[in-house]
Amino acid sequence: MASRQGLALLLLVLTTLSGCTMGTYRATASCVGRCGEQYNNANRCHCNDECSQYGNCCSDYNAICVLQVSCAPRCGETYDTSNTCHCNDRCQEFSNCCDDYSAFCVPTTVPTTTLPPVPSSPLPVTSAELSNIADDLWYGDVNFATEGMDFTLNLQSYVSNTALHTDSSSSRLFSYMNENGVLSSPTYSTFVAILNNYIAQTGNTEQVTSAESAENEAFLSEIMKTPVMAKVHDFLRWKGIVPYNEDDFKARLSEIWFGRYSRQDGKLDTSGFEHVFVGEVKNGQVTGMHSWVRFYLAEKSGVFDYSGYVYKKQPGTIGVQFRWGSVWKNLGGFFLGTSPEFDVAIYTLCFLTRPNGQCQFNMAGQQMRIITYSWLDRGRYLASAYP
């Protein structure tokens, strides 16, 4: 199998290199993006099921359309056991990527930002210390919204099998929200202002306007005024993990949450904030979306359709199934009632102290687990975070 893959890749590389020297000829001399197309006599070679019979296939037809050992048209695909190699977001984790995964699926152009250096020798963070700071954040969240007072839930149907897409809940999850009392708070209002700045479908370059940059800055400025962010900054700089200066820490937060990178086709189409708090659509599925405020607003406007709950745990997390237009989220988890600054603080804490895996601690007397991932282990950008 190795020799078969190697020969196919050699064929692909030679074809690609020749295409690079021939201008527009490359568009019709390769099968990249053309597998299964209809016959067109204007093309110099073909990539349909009958080209082998007529002897007019493009030279990379076997590599691209038959053996599927190249990632050229496959970045971000759903895992398929029948494939020789893979091009999804986790193939590096399982060491089964196609040989050209980095060339096609890892963006080569990422905006650079001059940041204060992260201290070179951070101190370790123990589980007990993580639990203590988590408790400080939980009980110090002055903008926390209380269930039964500031909002009420209508759980309705329990979802026992998330693979089944059956809407058994006729009403919305949130049956009441004290919008004037909750959403008018500066950290909430500046958070909400950012939610409509993104394109849901991955693979589309996100152009950040000056107005949107100002909204990002306004949100960070507001949360930096809160006790929750002061506590997490004090802890992280005491451990030598983030810059001591508040402005420098704010710049680090901006990079973590608003630094852009690519999830598909090498386009700068995403950020930590968009994925975690807004959600995205990729490969026919909803990914991310771990904000109770976002869910409430999208459900209220008819963008999200609540199907049912998968779990509800103390001290305030819930897992739900919902539909975004015609696309489903099998299971999405988020905190309930926590302020935007708390969510940013707890996810940042875990991202910086327990990256790329489980962040376990005790909070409010309960054992908690948060999962975070960085973008391609670079550590600068947040890829995902959820309870």
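Position 1 is the first residue of the sequence; numbering continues from there.
- Shown here for A298 and S301, the closest heavy-atom pair between the two residues is O-OG, 3.2 Å.
- A 6.0 Å sphere centred on OH of Y244 holds no more than 12 heavy atoms belonging to other residues, nucleotides or ligands.
- For the pair L253 and M229, the minimum side-chain heavy-atom distance is below 4.5 Å.
- E77 places a side-chain heavy atom less than 4.5 Å from the side chain of C87.
- Closest approach of P340 and F219 over heavy atoms only: CB-CE1, 3.8 Å.
- Here the CZ atom belonging to F258 is positioned 9.5 Å from the CD atom belonging to E215, to the nearest 0.5 angstrom.
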For a side-chain contact (heavy atoms from CB on, under 4.5 Å) check, start with the C-alpha distance between R354 and F361, then their side-chain angles and the critical distance, and finish with the verdict.
CA-CA 11 Å; R354 301 288 192 273; F361 52 90; over 6 Å; no
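- F277 and S291 make their closest contact through O-CB, 3.7 Å (heavy atoms, listed as atom of the first residue, atom of the second, distance).
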Check the pair Q321, N330 against side-chain contact (heavy atoms from CB on, under 4.5 Å), reporting the backbone distance first and the verdict last.
CA-CA 5 Å; Q321 185 182 71; N330 289 348; 4.3 Å; yes
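- Between W375 and the choices Y381, F351, Y261, the ring-ring contact (aromatic ring centres under 6.0 Å, His included) rule is met once, by Y261.
- For the pair S170/Q156, a side-chain contact is recorded, criterion being any heavy-atom separation below 4.5 Å from C-beta on.
- Looking at heavy atoms from C-beta onward, D136 lies out of side-chain contact with V232 at the 4.5 angstrom threshold.
- No donor-acceptor distance shorter than 3.5 angstrom exists from the side chain of T348 to the backbone of A345, with no hydrogens or angles considered.
- Distance check: N154 CG to S169 OG gives 7.5 Å after rounding to the nearest 0.5 Å.
- Proximity of L349 to V125: side-chain heavy atoms (C-beta onward) are nowhere separated by under 4.5 Å.
- Between D150 and F144, the closest side-chain pair of non-hydrogen atoms is not below 4.5 Å.
- If you look at F273 and F191, their ring centroids are closer than 6.0 Å.
- Taking every heavy atom of both residues into account, M224 and F249 meet most closely at CE-CD2, 3.8 Å.
- Taking hydrophobic clusters as Ile, Leu, Val, Met, Phe, Trp and Tyr residues chained together by side-chain heavy-atom distances below 4.5 Å, L336 does not share a cluster with Y386.
- Y347 contributes atom OH, which lies 6.0 Å from atom CD1 of I370 (distance to the nearest 0.5 angstrom).
- The nearest pair of heavy atoms linking R380 to R252 is O-NH1, 3.5 Å.
- V344 is not connected to I371 by any chain of hydrophobic side-chain contacts under 4.5 Å among Ile, Leu, Val, Met, Phe, Trp and Tyr, and they are in different clusters.
- Although no hydrogens or angles enter the test, the distance criterion places no donor-acceptor pair under 3.5 Å between the side chain of D141 and the main chain of L137.
- In this structure, cysteines C359 and C350 have SG atoms closer than 2.5 angstrom.
- D269 and T202 share no donor-acceptor pair across their side chains, judged by distance under 3.5 Å alone.
- Sorted by first then second residue, the salt bridge (charged side-chain N to carboxylate O under 4.0 Å, His left out) pairs that include residues 186-201, not counting sequence neighbours, number zero.
- Enclosure of atom CG in N180 is not indicated, since only 12 or fewer non-hydrogen atoms of other residues, nucleotides or ligands lie within 6.0 angstrom.
- For the residue pair D80/H86, the side-chain donor-acceptor check at 3.5 Å is not satisfied.
- If you chain together hydrophobic residues whose side chains sit under 4.5 Å apart, V159 and L153 never meet in one group.
- For Q264 (side chain) and K282 (main-chain N/O), no donor-acceptor pair under 3.5 Å exists by modelled atom type.
- For the pair Y311 and L331, the minimum side-chain heavy-atom distance is below 4.5 Å.
- Formation of a donor-acceptor pair under 3.5 Å by the N356 side chain with backbone atoms of S374 is found in this model.
- Remark: C51 SG to C57 SG, distance under 2.5 Å.
- At least one donor-acceptor pair under 3.5 Å links the side chain of D135 to the backbone N or O of A364.
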Step by step, work out the side-chain contact (heavy atoms from CB on, under 4.5 Å) result for Q207 and T205.
CA-CA 6 Å; Q207 302 292 346; T205 300; 3.6 Å; yes
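- Considering only heavy atoms from C-beta on, W138 comes within 4.5 Å of T338 through its side chain.
- Between the side chain of Q360 and the backbone N or O of R369, no donor-acceptor pair lies under 3.5 Å.
- Between T372 and A385, the shortest heavy-atom contact is CG2-CB, 3.9 Å.
- Ring centers of F304 and F295: under 6.0 Å apart, within the cut-off.
- Although no hydrogens or angles enter the test, the distance criterion places a donor-acceptor pair under 3.5 Å between the side chain of S189 and the main chain of P186.
- Between the N88 side chain and the R90 main chain, a donor and an acceptor come within less than 3.5 Å of each other.
- A salt bridge links K300 with E179: at least one charged nitrogen is closer than 4.0 Å to a carboxylate oxygen.
- D49 CG: 12 or fewer foreign heavy atoms inside a 6.0 Å radius.
- In the model, S221 has a side-chain atom that pairs as donor or acceptor with a side-chain atom of K250 under 3.5 Å.
- In summary, K225 and E222 engage in a salt bridge, as defined by a charged side-chain N under 4.0 Å from a carboxylate O.
- In this structure, D167 CG and D305 CG are separated by 4.5 Å, a value rounded to the nearest 0.5 Å.
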Check the pair L352, I256 against side-chain contact (heavy atoms from CB on, under 4.5 Å), reporting the backbone distance first and the verdict last.
CA-CA 10 Å; L352 294 177; I256 291 171; 4.2 Å; yes
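- For the atom pair CD1 (I223) and CH2 (W257), the distance works out to 9.0 Å, reported to the nearest 0.5 Å.
- The backbone N or O of E206 lies less than 3.5 Å from no partner atom in the side chain of K267, so there is not a single donor-acceptor pair.
- Listed for the Y296 side chain is no donor-acceptor partner under 3.5 Å among the backbone atoms of Y176.
- Disulfide criterion (SG-SG under 2.5 Å) for C97 and C91: met.
- One hydrophobic cluster, built from ILVMFWY side chains closer than 4.5 Å, cannot hold both M149 and L155; they sit in different ones.
- Checked by atom type, the side-chain pair T187/E341 shows a donor-acceptor distance below 3.5 Å.
- Between E280 and T270, the side chains place a donor N or O and an acceptor N or O closer than 3.5 Å (distance only, hydrogens not considered).
- Expressed to the nearest 0.5 Å, how far CD of E212 lies from OH of Y198 amounts to 7.5 Å.
- In the hydrophobic clustering of ILVMFWY residues, with side-chain heavy atoms under 4.5 Å counting as a link, Y158 and L164 come out apart.
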